[in-house]
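This report refers to the structure that appears directly beneath it.
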Amino acid sequence: MTNRTDYCGTLTTADVGRSVTVCGWVSKRREHGEHLAFVDLRDHTGIVQCVVDKARDLRSEYVLAITGIVRERPDDTINAALATGAIEIGDATVEVLSVAEPPPFQIDSRVDVDETIRIRHRYLDLRNKRMQSNLRTRAKVNSAIRNGMESEGFVEVETPMLIASTPEGARDFVVPSRLKPGSFYALPQSPQLFKQLCMVGGIDRYFQIARCMRDEDLRADRQFEFSQLDMEMSFADGDDVRAAVSEAVALATEAVTGSRPTEFPEMSWHDAMNRFGSDKPDVRFAMELAELTDLFSDTGFKAFQAPCIKGICMKGAADELGRNKLDNLTDAAKRWGAKGLVWLKVGEDGEVTSPVAKFMSESEIAGVLERLGAETGDVCFLVADGWRKTVHILGLLRIELGRPAVTEGGLNFLWVVDFPLFEDVDEAGNPVPAHHPFTMPHADDVELLAAAGSDPQRLLDVRSQAYDLVLNGWELGSGSVRIHRGDIQQQIFDLLGISEEEAQRKFGFLLDAFRFGAPPHAGFAFGIDRLVALLCGEENIREVIAFPKTQSGGDPLTNAPTPIDDAQLDELGLRVLPQPE
RNA sequence: GGUCCCGUGGUGAAGUUUGGAGUUCACGCCGGCCUGUCAAGCCGGAGGUCGCGGGUUCAAAUCCCGUCGGGACCGCCA
């Protein structure tokens with residue numbers, strides 16, 4: 001094979017006169033009779049036009065090495081749409097390195113090919129500029145993060161993929177043990193406990209670009225396996241961690257976009273929920289939730305005799321939202337758990353149209369419009385329920401109605417801080433931790449924690465030192481200051497209803513380690529797939545993953561998952577139950 | 001566990017509401033012509049289990065039921 005001298009997309013008028021050899025795939029062929037044909041040759045850098053004598057047997061996606069002289073094109077044949085459009089490779093001799101069948105879809109097609117077909121033939125899809133660009137962006141992000149973390153004194157430590165299963169958190173992927181039949185490893189949901197052990201081990205600053213696995217339902221922003229920047233710092237608090245993570249994210253962003261984000265504002269969890277109805281608010285657009293509860297303190301409208309009433313206003317939507325669409329939104333709200341959804345349209349002269357206007361007083365309606373800043377042409381949506389449910393439903397509705405396209409509105413990073421320590425109370429009366437049970441309570445709330453005793457409602461007010469990083473409404477990641485003191489850890493376990501025996505069984509190795517001198521430490525992890533997708537302007541993380549799975553967890557390329565044969569099962573001491581009808 | 005949307009030659013779409021011959025458009029593919037094209041052009045051609053199964057009907061891509069596959073979302077993701 002002739003040695004490659006240049007990449008297709010890099011040749012310019014500066015190369016005119018050189019004899020070059022380029023290698024790649026036939027992107028397009030244009031024949032003009034027996035003695036003139038243009039072959040567009042593609043590699044990852046782009047396309048270059050080659051002028052050849054006989055092209056009859058050069059078909060799409062053939063792999064060629066083409067040697068010729070770079071020359072300027074005649075003035076009237078310059079192609080401004082092509083980076084190499086001012087030159088061509090003339091007098092080309094062609095070496096066919098591989099022939100190719102016609103591909104199942106056109107690789108330079110500008111139409112969206114069905115994603116299943118793209119994934120089934122991902123090796124062809126990867127030849128597309130889009131996937132080439134996305135994967136190279138991803139590599140840039142990884143590289144920028146590694147460089148940044150290392151320059152800040154972080155040490156990359158690899159942690160095991162085969163670990164012990166713990167029933168907390170997400171569903172584990174498990175791997176059967178051959179040497180100990182009937183026992184199983186779990187694949188890590190994150191290296192959480194190991195990075196804390198690294199802190200006990202004096203690593204001081206740990207990081208890892210870690211693959212994590214969670215057996216939960218897939219979404220546009222969730223795959224079974226994903227990559228995260230996992231990090232942990234000793235003798236550091238939440239501010240230190242957020243500064244370090246902000247720096248890493250800023251470097252990664254700068255590596256891709258060329259400009260460095262400077263704003264990483266903080267917002268309390270309570271503010272986020274109250275104003276945006278979400279713990280991962282998309283602050284690219286307003287449509288904030290307005291407080292309306294007090295307006296209806298003496299209302300005769302039964303549906304609004306509720307602990308919390310809030311509303312949002314969609315500007316200028318009155319014409320766009322017909323009765324049919326409003327009914328669909330009401331149905332959606334009910335599917336999300338609302339008892340109902342009240343809408344008001346503001347017409348000319350402030351005249352209000354609403355199915356429930358007759359149940360509301362004039363002053364109540366006037367108050368709603370004033371609080372929401374509603375004017376002619378706007379549509380208001382009101383929900384009445386408990387605080388959590390009200391803000392949740394309006395938050396979903398806000399996203400449904402107002403969310404900009406992924407490529408719009410720039411990159412809005414946001415730290416959400418002061419998460420509650422407990423999310424809810426389960427049937428047994430035990431509080432449910434919002435993060436993991438090693439999350440340090442907020443320093444100001446330690447007394448509240450003690451005073452609340454086992455009163456679950458008061459416990460829900462206890463804040464934690466947990467924080468999330470949010471980008472344009474996507475949760476990039478979360479972290480916390482960890483508990484490094486045995487007495488506080490014991491207090492938390494007591495509140496969670498975890499017995500000493502249970503704690504020892506599940507986390508014994510970590511608790512043991514902490515007895516030998518644990519430094520105060522704090523950490524974070526953020527999803528690289530999500531960050532890269534947003535930097536690439538993709539709505540879906542599958543577009544930044546070389547070989548992704550479908551929503552039902554299958555891989556159309558390899559057909560995974562597949563049954564395994566009996567001999568393999570026998571060796572592992574496993575038997576597959578018959579599937580229920 | 002649930003809600004909604006999609007499935008039509010190799011690819012992308014229209015046709016489905018209101019049942020009437022596998023109909024249409026673009027790309028690709030195969031053959032022919034063509035010495036400056038560039039998503040080349042012109043001429044000709046091949047290519048179909050309308051995802052699958054059942055039902056209604058004289059008649060189903062179209063209506064009904066089921067099922068499979070794909071997607072978005074709720075739940076879930078400490």
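So you know, we letter chains A, B, ... as the sequences are listed, proteins then strands, and number each from 1.
- Map A:Q192 and A:G554 each onto its nearest nucleotide of RNA chain B; the residue landing nearer the 5' end is A:G554.
- Ring geometry for A:F493 against A:F438 counts as perpendicular: the plane angle is over 60°, on a 0 to 90° scale with 30° as the lower cut.
- For the pair A:R29 and A:Y62, the cation-pi criterion (under 6.0 Å, within 45° of the ring axis) is not fulfilled.
- B:U3 atom P lies 16 Å from atom CG of A:N328, rounded to whole Å.
- Between A:S552 and B:G69 there is no side-chain polar atom (N or O) within less than 4.0 angstrom of OP1 or OP2.
- No hydrogens or angles were tested; on distance alone, a donor-acceptor pair under 3.5 Å links the side chain of A:R219 to the base of B:G75.
- Using a 30° and 60° split on the angle between ring planes, A:W415 and A:Y467 fall in the perpendicular class, above 60°.
- Donor-acceptor pairing under 3.5 Å, judged by distance alone, is present between the side chain of A:D217 and the base of B:G75.
- Both A:P433 and A:P104 sit near RNA chain B, but only A:P104 has its closest nucleotide nearer the 5' end.
- Side chains of A:D494 and A:Q490: a donor on one and an acceptor on the other come within 3.5 Å.
- Rounding to whole angstrom units, CG of residue A:D108 and P of B:C29 are separated by 12 Å.
- For the salt bridge (charged side-chain N to carboxylate O under 4.0 Å, His left out) with A:D125, the qualifying choice from A:R127, A:K129, A:R122 is A:R122, the only one to do so.
- The nearest whole Å value for the distance from the CG atom in A:D114 to the P atom in B:G12 is 6 Å.
- The side chain of A:S60 places an N or O atom within less than 4.0 Å of a non-bridging phosphate oxygen (OP1 or OP2) of B:C29.
- The distance from atom CD1 of A:I117 to atom P of B:U8 is 8 Å, rounded to the nearest whole Å.
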Base-contact (B) and sugar-phosphate-only (S) positions in nucleotides 36-46 of chain B, heavy-atom cut-off under 4.0 Å, - elsewhere | BBBSB------
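- Out of B:U11, B:G71, B:G31, the shortest distance to the side chain of A:V113 is found at B:U11.
- As the counterpart of B:A72, B:U3 is assigned, both hydrogen-bonding distances of the Watson-Crick or G-U wobble pattern falling under 3.5 Å.
- In this model, no side-chain donor or acceptor of A:R214 finds a partner on the base of B:C77 within 3.5 Å.
- Counting only N and O atoms by type, the side chains of A:D555 and A:T558 include a donor and acceptor under 3.5 Å apart.
- Here A:R118 lies out of heavy-atom contact (under 4.0 Å) with every strand.
- Among the nucleotides B:C74, B:G31, B:A72, the one closest to any side-chain atom of A:R59 is B:G31.
- Residue A:L218 contributes atom CG, which lies 14 Å from atom P of B:C74 at whole-angstrom precision.
- Put simply, CZ on A:F224 is 18 Å from P on B:C76, counting in whole angstrom units.
- Straight-line distance from the CG atom of A:N540 to the C1' atom of B:C73: 13 Å, rounded to whole Å.
- An OP1 or OP2 oxygen of B:G10 is reached within less than 4.0 angstrom by no side-chain nitrogen or oxygen of A:R120.
- At the phosphate of B:G69, neither OP1 nor OP2 sits under 4.0 Å from any side-chain N or O atom of A:T116.
- For the residue pair A:Q504/A:E500, the side-chain donor-acceptor check at 3.5 Å is not satisfied.
- Nucleotide B:C33 is matched to B:G41 when pairs are restricted to Watson-Crick or G-U wobble geometry with both distances under 3.5 angstrom.
- Among the heavy atoms of the strands lying under 4.0 Å from A:R335 are primed sugar atoms or P, OP1, OP2 only; no base atom is included.
- Of the inter-residue distances, the one linking A:D43 atom CG with A:W25 atom CH2 reads 8.0 Å to the nearest 0.5 angstrom.
- Distance check: A:D230 CG to A:I209 CD1 gives 10.5 Å after rounding to the nearest 0.5 Å.
- Across all strands shown, B:U57 forms no Watson-Crick or G-U wobble pair with both distances under 3.5 Å.
- For the pair A:Q106 CD and B:C29 P, the computed distance is 7 Å after rounding to whole Å.
- Contact between the side-chain N/O atoms of A:H392 and the OP1/OP2 oxygens of B:G75 is found at a separation under 4.0 Å.
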